[in-house]
Amino acid sequence: MEIASKYNPRAVEEKWYNFWLEKNLFHSEPDHRKPYTVVIPPPNVTGVLHMGHMLNNTIQDVLVRRARMMGRNACWVPGTDHASIATEAKVVKSLSEQGIKKHDLTREQFLEHAWEWTHKHGGIILQQLRKLGASCDWDRTAFTMDAQRSESVTRVFVDLYNKGLIYRGMRMINWDPKALTALSSEEVEYREERSKLYYLKYYLDDLDDLKGIGDLEEQGNIIHHDEKGFYAVVATTRPETIMGDTAMCINPKDSKNQWLRGHHVIVPLVGRVVPVIEDRYVDTEFGTGCLKVTPAHDVNDYNLGKTHGLETIDIFNADGTVSGQSPLYVGMDRFVCRKQIAKDLEAAGLMEKVEDYTNKVGYSQRNPDTAIEPRLSLQWFVSMQHFADIALPPVMEGRIKFYPEKYKNTYRQWLENIQDWCISRQLWWGHRIPAWYIEVDGKEEIVVAVNEEEARRIAKEKYGYAGEMRQDEDALDTWFSSWLWPISLFDGINNPGNKEISYYYPTVDLITAPDIIFFWVARMIMAGEEYMHDVPFHNVYFTGVVRDKLGRKMSKSLGNSPDPIQLMEQYGADGVRMGMLLTAPAGNDILFDEKICEQGRNFSNKLWNALRLVSGWRVASGEEAVDSSTSQANEVAVQWMEQRMAQVLEGVEKDFEQYRLSEALMSCYKLAWDDFCSWYLEMVKPAFGTPIDKDTFDATVSIFNRLMLILHPFMPFVTEEIWHALQTIGKDDEAAAFINANYSIMNQHMPTSVFYDQRMLDDCDTAREMIAGVRNLRNSRGISPKEMLELYVSCGEGKRTDSRFDPIVCKLSNVSRIAYIDGKMDGCVSFMVGTTECFVPLKQNIDVDAERKKLEDELRYAEGFLASVMKKLDNEKFVNGAPEKVVALERQKKADAEQKIAALRGQLEHLNS
RNA sequence: GGGAGUUUAGCUCAGUUGGUUUAGAGCACUUGCCUUACAAGCAAGGGGUCACUGGUUCAAAUCCUGUAACUCCCACCA
């Protein structure tokens, strides 16, 4: 059988993915087994796969595949998010490219376009996940705006409204002037920005003459006046908002501004006369201690306005241009206006000075170039205190565990300072708010119901109303559907207690990025507690942010984000998966260098070549005798490999319990590459042309098999390919075809750790050191690996280590025999394994000086080591204070070091004589 | 302004409640090998005053005080 020496992932990956789909192996139905449920963090429906998705979904797939192999009924539910703002923006853009304006369309026409767009671009990302090998139950693919999910959203809205947890009100909200919608406070990102601080002159309206200036100044007042009169100076970063000023505020305790008390000032350019009010909110240290108050355009000013009963003048339109409420600059964009007003103030002599200033400006998360505008408007809110109260305990009490744990703090901090959630969006793409407005006795009343028919019924029942009804135009925040995801996927809102929700809920693990801990994780916990009275998941694994190798975030504009599809074509999905996992400890950012995928690709190839080796072996037939010493050595090798595998599995199991996936993978990698390929296969590999005994062959195939099972969650494709090859070795075509058509590694049982013999592992380590010693000796003296050597082991006083590995040592270090001696050997070079001296006779002359130097170096090290041990042992406090075990250990170290030193000295003497 | 985290080999990271040889891994690096599975490979090897400082202890990468640098989150100083 001829197999290519290079593994080719492409054909293999497609073949097996289709096979898994055909056999419906990802599909789950409730049964008697324990469920293992994971819900995908739904990517944006029209998005494309990026490295963050790759990481996130690789981790999910590893966990899901492993759980499946451990006998759990694994169900990984995929789906997409309608992403209202992002998708609507894309649709609007596409329409405008066709020369169509959104508001020239009716809502229905627009939605038609939006659905068309969604169907065209939607789901690409799910197709891409298949390339990665994601074992999602595609039959369950959901969409946050499909019928079942939409119905869930509506029901929850109605329910929370009826419980008094959703209300509509006029509030200061964050407004996106580009998307023309309200945002929640979580959707605003603050960025530091270099700007200007403008110092404006507000002349006093009612003060022409000030008596006793000197006295006032002596009391600490800072009084400005010029030929035009007395004035106060106000520092602001937003001079364009002065048209909305309705007061000026000072701190009542601010000695430098006492003289302004009770007066009125004139807003520059605008000419409006506004009162000087006093409030302790004002920071006396900032600027001049005088604050302009614009209740319509600043949250703090709004609060001041409320307490002091100020007028609110909204000078901006929804798109950020100056509104007709303003006496000046009507129609001008807010930023253009800022520049213009600065010029005009300057020209009018109303600008005292301008300073450079750095402040934080809020931007829309979805429109990163658009500065958000605080805006007073009528919106729908979820009252959050109740939800904070129910969502905090599960995490603090450990019913939900966060990995890494530090996010517990972040979570608590947020919940303890919770703000109400603005859920209405002035968008069409999304779940329309199920509220209808009616007019009863000249007053607007709201009817909230799951549909119009129900709304009519309520209107009639409650208000005796049967006339016109107008549904709210707004849609809901995307996250208002996402927070129901673990419930709505199993129809737990519409059909509480149904078979699926009862079986699959709660889910087990949630794998997500930390930046959506508030948006999504926290709110799912709230919804879970509210509607299921149980947590939505038990563990949350927060992945890191995928960065480039320079530590920069991957972004389209930087062009530093590799295309995952291309990466998979280049290195194979298995290679990329391994690359991602190797650099991804939980919670740490990932500095992704695509070279790491090479390691994964090379590993696939290594496994592939191990298969080539094993499948090329000829098994000895009955009458063909295999050297009994060889088969004995092989037996030891097999036993050792079994012990080693059990040991590694123990560690891997612990790693998985703590979600240390990269470490688990590294252990498996070393088990396969180092222990299995480099050591075990070399131990049992028959000489060229000779057969291998059947027991060893069967054992090797069995071990190889289990290695594939262990690795399968990490590298699903190559392991399936090799596993099939191993299953069919020695089978006739028909049997092989049957196996290939009917079995998959996917649903085999994951090997578990068993008791192992530490003694045997230690003995093998000693043997491995001995082998390395001989190899090193060859390397450093230029002796060919082909030259047969002899090895003498001086074990003194008949102290002999277990020699069962001797034949293996001979084979792997190309030594004809190992003899045990007392004392030293002439004409030899030596090395030490622990405290044991090993001698190798050489035919050629020995470079005495070089040997002496080696021995002296070793001696120096050993003496230094002994000195450090003695420092402890000579210390009475150590001997008396440290635990007995520790002292005994140090004594052992001392004895070993002394023995080693004596041996090295002996060798040096021997060399010199 | 508040909080959290990080700092160990050239790079990315382990190092479990202080004690198992004067600190480990992978990659990279050096040397020698096209040895009949694999050069995407094999063998061997070099490389670190554990950010700095002071302390606690018989014993510190590990615990405590401080310092520095970087990162992230939260917050209404215009």
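Predicted model only: the values in this text are computed from it and were never measured. Each chain gets a letter, A, B and so on, in the order the sequences are listed, and its residues count up from 1.
A:Gln413 and A:Asn417 share no donor-acceptor pair across their side chains, judged by distance under 3.5 Å alone. Counting only N and O atoms by type, the side chains of A:Thr294 and A:Lys292 include a donor and acceptor under 3.5 Å apart. Side-chain contact of A:Glu769 with A:Thr766: a donor-acceptor pair under 3.5 Å is absent, judged by distance alone.
Cation-pi geometry between A:Lys408 and A:Phe402 is not satisfied (NZ or CZ under 6.0 Å from the ring centre, within 45° of the ring normal). In this structure, A:Arg775 satisfies the cation-pi test against A:Trp679, with its NZ or CZ atom closer than 6.0 Å to the six-membered ring centre and inside 45 degrees of the ring normal. Judged by the 6.0 Å and 45° rule, A:Arg601 forms no cation-pi pair with A:Tyr571.
Separation of the P atoms belonging to B:G15 and B:G24 is 15 Å when rounded to the nearest angstrom. Nucleotides B:U8 and B:C50, compared at atom C1', are 4 Å apart to the nearest Å. For B:C58 and B:A51, the C1' atoms lie 28 Å apart once the distance is rounded to whole Å. Nucleotides B:G45 and B:G26 are separated by 13 Å at their P atoms, to the nearest Å. Comparing the same atom, C1', in B:A14 and in B:A9 gives a spacing of 13 Å after rounding to whole Å. Here, B:U53 and B:C72 have their C1' atoms 26 Å apart, quoted to the whole Å. Comparing B:A75 with B:G19, their C1' atoms are spaced 45 Å from each other, to the whole Å. Taking atom P on both B:G48 and B:C11, the two are 13 Å apart, rounded to the nearest angstrom.
Side-chain rings of A:Phe676 and A:Tyr680 approach one another, their centers coming within less than 6.0 Å.
Proximity of A:Asn602 to the phosphate of B:C38: no side-chain N or O atom is located under 4.0 Å from OP1 or OP2. Using a 4.0 Å cut-off, some side-chain N or O of A:Arg775 falls inside it from OP1 or OP2 of B:A44. Put simply, A:Arg660 has a side-chain N or O that comes within less than 4.0 Å of OP1 or OP2 on B:G15. Between A:Lys685 and the phosphate of B:A37, there is a side-chain N or O to OP1/OP2 separation shorter than 4.0 Å.
Across every strand in view, B:C29 sits in a pair with B:G45 that passes the Watson-Crick or G-U test at under 3.5 angstrom. With a cut-off of 3.5 Å on both Watson-Crick or G-U wobble distances, the partner of B:C38 is given as none. The partner of B:G54 is B:C64, judged by Watson-Crick or G-U wobble contacts that both fall below 3.5 Å. Across all strands shown, B:G1 forms a Watson-Crick or G-U wobble pair, both distances under 3.5 Å, with B:C74. Figure legend. B:C13 is base-paired to B:G24; pairs are counted as Watson-Crick or G-U wobble with both atom distances under 3.5 Å.
B:U16 atom P lies 11 Å from atom CD of A:Gln658, rounded to whole Å. The CZ-P distance, from A:Arg778 to B:C42, rounds to 19 Å in whole Å. The distance from atom NZ of A:Lys900 to atom P of B:U21 is 13 Å, rounded to the nearest whole Å. As a whole-Å value, the separation of A:Leu613 CG from B:U35 P is 16 Å. Atom CG in A:Leu415 sits roughly 15 Å away from atom C1' in B:G3 (whole-Å rounding). Atom CG in A:Asn814 sits roughly 16 Å away from atom C1' in B:A44 (whole-Å rounding). Spacing between atom CZ of A:Arg601 and atom C1' of B:C38 amounts to 13 Å, rounded to whole angstrom units. If you measure from atom CD of A:Glu858 to atom P of B:U21, you get 18 Å, rounded to the nearest angstrom.
Between B:A37, B:A40, B:A4, one nucleotide has an atom nearer to the side chain of A:Lys606 than all others, and that is B:A37. The side chain of A:Asn779 lies closest to B:A43 when the candidates are B:G19, B:C38, B:A43. Of the listed nucleotides (B:U12, B:A44, B:A37), B:U12 has the atom at the smallest distance from the side chain of A:Thr583.
Using a 4.0 Å cut-off between charged side-chain N and carboxylate O, A:Asp254 and A:Lys256 make a salt bridge.
At a threshold of 4.0 angstrom between heavy atoms, the contacts of A:Ala772 are confined to the sugar-phosphate backbone, with no base atom among them. Among the heavy atoms of the strands lying under 4.0 Å from A:Ser678 are primed sugar atoms or P, OP1, OP2 only; no base atom is included. Using a 4.0 Å heavy-atom distance criterion, A:Asn776 is classed as a sugar-phosphate-only contact. Looking at heavy-atom distances under 4.0 Å, A:Gln892 makes no contact with the nucleic acid at all.
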Going 5' to 3' through nucleotides 22-30 of chain B and flagging B where a protein heavy-atom sits under 4.0 Å of the base, S where only the sugar-phosphate is that close, and - otherwise, we get B--SSS---

Nucleotide by nucleotide, 5' to 3', does protein get under 4.0 Å of the base (B), only the sugar-phosphate (S), or neither (-) in nucleotides 69-78 of chain B, counting heavy atoms?
----SSBBBB

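The shortest side-chain heavy-atom distance between A:Leu866 and A:Lys894 falls under the 4.5 Å cut-off. The shortest side-chain heavy-atom distance between A:Lys900 and A:Met832 falls under the 4.5 Å cut-off.
With A:Arg768 as the partner, the salt bridge (charged side-chain N to carboxylate O under 4.0 Å, His left out) test is satisfied by one option alone out of A:Asp675, A:Asp762, A:Asp674: A:Asp675.
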Check against salt bridge (charged side-chain N to carboxylate O under 4.0 Å, His left out), A:Asp356 and A:Lys196:
CA-CA 5 Å; A:Asp356 285 331; A:Lys196 305 267 184 219; 2.8 Å; yes

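Looking at which nucleotide of RNA chain B each of A:Pro883 and A:Pro785 is closest to, the 5′-most match is held by A:Pro883.
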